[in-house]
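Since we're looking at a predicted model, the values are computed, not measured.
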Amino acid sequence: MTTTDDDRRPKYQRIADSLREAIQSGEYGPGDRLPGENDLMAAHGVARMTARQALSVLKDEGVAESRKGAGVFVRSFRPLRRRGIQRLSQEQWGSGQSIWSADIENRALVVDQLTVSEETVPEQIGQVLGLANEETVCVRRRRFILDGKPVLLATSYLPTSVVAGSAITREDTGPGGTYARLAELGYKPVHFREEIRSRMPTKEEAAQLSISAGTPVILICRTAFADEGLPVEVNEMTLDAASYILEYDFDA
């Protein structure tokens, strides 16, 4: 980009770009404090609002994060590499392992919020599962925390007629999780479909994931199918986009 083109950028964007370059070059490392609003005002001769906007750009990109009363810091969280194909293999959950173990290596993963309930199937979910409007589903809602950082909200819907009385209706589904239990019930998942979209978070999602309103989220809707194409689960996931790398590794 030429100097003339650079000069056409808003001042806050130029400051944000220079800070980003300093992070990428290693001048500021993970966990380091970035120059504050007063520092940027003095260094660049700009108003406080301009300095604040520059820092907001980096926070919205997931490059930096605010710490109350301390300032803005380079984000130290290491993105999670989500191995979309390996994690769903029967070898994974069929051996009693969590599908998460394909992603997290030796990192600390915690489900800090978990509810299980029986509810009338939402219309859109019912269409996917082939259920009538008055039928019910087992709904499992979870929030996943990795290395102390909220990274994922997930809501699974499974037909009550399939999972009633099983461990799937309890908080602890046991070794291998939901898919291992479905297999024991005679509904072994043999095919998965994931649809991926992205958008800005709702106010509730931003609060749940501890992200700024300007950080996008990734939406993944996964449907699990048993034999003969029978859908047995719909899982709607909301991911902090700055916390993930989506990896799909497969043969040609």
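Annotation: Y179 is in aromatic contact with F192 [ring centroid separation under 6.0 Å].
Taking 4.0 Å as the cut-off between side-chain N and carboxylate O, E195 and R197 do not count as a salt-bridged pair. With respect to R9 and D17, a salt bridge is recorded, a charged nitrogen being found less than 4.0 Å from a carboxylate O. The residues D112 and R142 are annotated as not salt-bridged, no charged nitrogen and carboxylate oxygen being separated by less than 4.0 angstrom.
Using a 3.5 Å distance cut-off with no hydrogens or angles, the side chains of E236 and T155 do not pair a donor with an acceptor. Defined by atom type and a distance below 3.5 Å, a donor-acceptor pair is missing between the side-chain atoms of R140 and T173.
Residues forming a side-chain contact (heavy atoms from CB on, under 4.5 Å) with Q127 (at least two apart in sequence, or on another chain): E123.
The backbone N or O of P175 lies less than 3.5 Å from a partner atom in the side chain of R181, making a donor-acceptor pair. Looking at R141, its side chain never comes within 3.5 Å of a backbone N or O of L153 through a donor-acceptor pair.
Atom CZ of R83 and atom OG of S89 lie 12.5 Å apart (nearest 0.5 Å).
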Solution key, residues 203-210 side-chain donor-acceptor pairs under 3.5 Å, sequence neighbours excluded:
from	atom 1	to	atom 2	distance (Å)
E205	OE1	R199	NH1	2.9
E205	OE1	T202	N	2.9
E205	OE1	T202	OG1	3.4
E205	OE2	R199	NH2	2.9
Q208	NE2	Q113	OE1	3.3

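Taking 4.5 Å as the limit, every side-chain heavy atom of P231 sits out of range of all side-chain heavy atoms of Y187.
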Checking side chain to side chain contact (heavy atoms under 4.5 Å, CB included) for the pair V57/Y12: CA distance, chi angles, key distance, verdict?
-> CA-CA 8 Å; V57 169; Y12 76 87; 3.7 Å; yes
